[in-house]
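Below is one structure, written out as structure tokens; comments come after it.
Every chain is numbered from 1 and lettered A, B, ... according to where its sequence line falls, protein lines coming before strand lines. Source: prediction; values computed, not measured.
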2 protein chains.
Amino acid sequence: MIDSKRELKDALKPIGRRATHKRALLLDLLRRIPGHPDAETLFIEAKKLDPRISLATVYRTLALLKKTGVIEEHLLGESHAHFEAVSPTPHFHFTCLKCGRVIEFRTALLDRLISELKQKNRVELQEIQIDARGLCARCREAKD
Amino acid sequence: MIDSKRELKDALKPIGRRATHKRALLLDLLRRIPGHPDAETLFIEAKKLDPRISLATVYRTLALLKKTGVIEEHLLGESHAHFEAVSPTPHFHFTCLKCGRVIEFRTALLDRLISELKQKNRVELQEIQIDARGLCARCREAKD
DNA sequence: TTAGTTGCAAACAATTTGCACGTTG
DNA sequence: CAACGTGCAAATTGTTTGCAACTAA
């Protein structure tokens, strides 16, 4: 959390935003909570550490962290968003529509696809969202 | 539209749903409207052809068409969904956050990525969403 | 004829916002 | 101390739903 604060300060200062206690707390949670929590889950967890935090702050912080690029937003087949601290190895998610399990899929093709996009269209990529849905191997076999 | 109706009939009959006038009209619009209309846009266009259609029907129809696989849903960086008739050549979208332009990006890597996902994890893929955002070449140069 | 479909308006869920007060640099 | 951050509750947005009337097969 100390680390998160220092790091946040460096990331937020240039854009005139502050590294507050609550922001560091949320970034920390995002890095410690396994999986891909949604805003509500983060809110509940954050309240355990700081009971005075509000859901509005969670949303505002998520938007800010996303803008600075330290977290990503994912749509895992539900009507609300999920979040994840960016990982050093790029990957995407496959969500089983039956059991809800999320598989993280890593492949070199992803980097190649991204660099091809950048190169061919000369775009500045700020965000790419890849989310797949279907049936996992287990649920697929368990015919019902 | 006659064609859409025949085609719809074949697609919907097996699941006990009907090929109605309004459904054919909406599918037709999705195939004729350039770009990636959202529900509201489709509603406005549909009303020109059938003033008695409701927004609820648009949403219900979009969900149904998506389920049968004839259309796709995309998240282009706005808070609402956009739709598109499935195209024979798979592609994904890059939306410029400044001018709003949408670039369709086709690459063989996409098919390879999908088949690798299926093969390695033995999943049944029902839906994959790839949406990228950033600055297009033009807006990138036009520094402001 | 009978199940599926639609319009309408109300309900909903997720997220955003205005404002007065608190906090950071 | 000036600018930014926060809690609270209300507002907004996009989408879904219950129900009575309608229509396709």
Side-chain angles (χ1 to χ4, degrees), chain A residues 1-2 4-27 36-44 46-47 49-68 71 73-83, chain B residues 1-2 4-27 29 36-44 46-47 49-68 71 73-83 131:
Chain A
M1 166 100 161
I2 306 293
S4 295
K5 197 142 185 185
R6 156 100 275 124
E7 181 194 338
L8 269 183
K9 208 164 232 170
D10 296 342
L12 298 179
K13 192 151 194 183
I15 52 171
R17 317 296 299 278
R18 292 167 186 168
T20 66
H21 175 70
K22 285 163 215 246
R23 287 177 182 166
L25 186 161
L26 286 166
L27 176 53
H36 313 85
D38 52 26
E40 191 65 32
T41 303
L42 280 165
F43 178 47
I44 291 169
K47 264 198 296 197
L49 303 173
D50 178 351
R52 312 197 46 256
I53 201 168
S54 76
L55 187 52
T57 294
V58 173
Y59 277 109
R60 285 191 270 233
T61 301
L62 287 171
L64 181 62
L65 294 179
K66 191 180 155 199
K67 180 152 43 170
T68 68
I71 68 167
E73 182 176 3
H74 297 289
L75 301 164
L76 306 180
E78 297 183 278
S79 56
H80 57 271
H82 291 250
F83 298 86
Chain B
M1 167 97 164
I2 307 294
S4 295
K5 196 141 186 187
R6 157 99 275 126
E7 182 194 337
L8 269 182
K9 206 165 232 169
D10 296 342
L12 297 179
K13 192 151 195 184
I15 52 171
R17 316 297 299 279
R18 291 170 185 168
T20 66
H21 175 71
K22 287 164 213 246
R23 287 177 181 165
L25 187 161
L26 285 167
L27 176 53
L29 272 179
H36 313 84
D38 52 25
E40 192 65 32
T41 303
L42 280 165
F43 178 47
I44 291 168
K47 263 197 297 197
L49 303 173
D50 179 351
R52 311 198 47 258
I53 201 168
S54 75
L55 186 53
T57 294
V58 172
Y59 276 109
R60 285 190 270 231
T61 301
L62 287 171
L64 180 63
L65 293 179
K66 191 180 156 198
K67 181 154 42 171
T68 68
I71 68 168
E73 182 176 2
H74 298 289
L75 301 164
L76 305 181
E78 295 183 279
S79 55
H80 57 269
H82 290 250
F83 298 87
D131 294 299

Sugar-phosphate, base or nothing in reach of A/Lys9, heavy atoms under 4.0 Å: sugar-phosphate
For atom CG of A/Leu62 and atom C1' of D/dT6, their distance in whole Å: 15 Å
Sugar-phosphate or base contact per nucleotide [nucleotides 17-23 of chain D; S, B, -; heavy atom under 4.0 Å]: BB----B
Side chain to side chain contact (heavy atoms under 4.5 Å, CB included) between B/Arg23 and B/Leu12, intermediate numbers included: CA-CA 11 Å; B/Arg23 287 177 181 165; B/Leu12 297 179; 4.3 Å; yes
A/Lys22 side, atom NZ; A/Leu49 side, atom CG - distance, nearest 0.5 Å: 11.5 Å
Five-pair end axes of the helix from C/dT1-D/dA25 to C/dG25-D/dC1, angle between them (10°): 50°
By side chain to side chain contact (heavy atoms under 4.5 Å, CB included) - contacts of B/Ala11 (at least two apart): none
Closest to side chain of A/Arg23, choosing from D/dG5, D/dA25, D/dG14: D/dG5
Length of the OH-C1' vector between A/Tyr59 and D/dT6, whole Å: 17 Å
Length of the line joining A/Ile15:CD1 and D/dA3:P, which is rounded to integer Å: 18 Å
Heavy-atom side-chain contact between A/His36 and A/Leu76 under 4.5 Å: yes
Minimum-distance nucleotide to A/Thr20 side chain [options: D/dG7, D/dC4, D/dT6]: D/dT6
Interatomic distance where CD belongs to B/Glu40 and C1' belongs to D/dT15 [whole Å]: 11 Å
Residue met sooner reading DNA chain D from 5', once A/Ala19 and B/Ser79 are mapped to nucleotides: A/Ala19
Pairwise 5' ranking along DNA chain C for A/Lys13 and A/His80, keeping only the more 5' one: A/His80
B/Thr41: partners by side-chain hydrogen bond (donor to acceptor under 3.5 Å, both in side chains), with sequence neighbours left out: B/Asp38
Length of the CD-P vector between B/Glu73 and D/dG14, whole Å: 14 Å
Length of the line joining B/Leu55:CG and D/dT13:P, which is rounded to integer Å: 14 Å
Listed partners of B/Leu55 passing side chain to side chain contact (heavy atoms under 4.5 Å, CB included), at least two apart: B/Glu40, B/Phe43, B/Val58, B/Tyr59
Option among A/Thr20, A/Leu65, A/Leu64, A/Leu26 that satisfies the side chain to side chain contact (heavy atoms under 4.5 Å, CB included) test with A/Leu8: A/Leu65
Gap separating the NZ atom of A/Lys47 from the CG atom of A/Leu25, nearest 0.5 angstrom: 13.5 Å
Rounded distance (Å) that lies between atom C1' of D/dG5 and atom CD1 of A/Ile53: 12 Å
Atom-pair distance (CG on B/Asp38; P on D/dG14), nearest Å: 8 Å
Pairs meeting criterion salt bridge (Lys or Arg N to Asp or Glu O under 4.0 Å) with involvement of residues 12-21 of chain B, two or more places apart: none
Side chain to side chain contact (heavy atoms under 4.5 Å, CB included) partners of A/Arg60, counting only residues at least two apart: A/Ala56
Sugar-phosphate, base or nothing in reach of B/Ala81, heavy atoms under 4.0 Å: sugar-phosphate
Positional range of nucleotides in DNA chain C within the contact set of chain A, heavy-atom, under 4.0 Å: C/dA14 to C/dG25
Partners meeting side chain to side chain contact (heavy atoms under 4.5 Å, CB included) with B/Lys9 (sequence neighbours left out): B/Arg6, B/Ala19
Partner residues of A/Thr57 under the side-chain hydrogen bond (donor to acceptor under 3.5 Å, both in side chains) criterion, sequence neighbours left out: A/Ser54
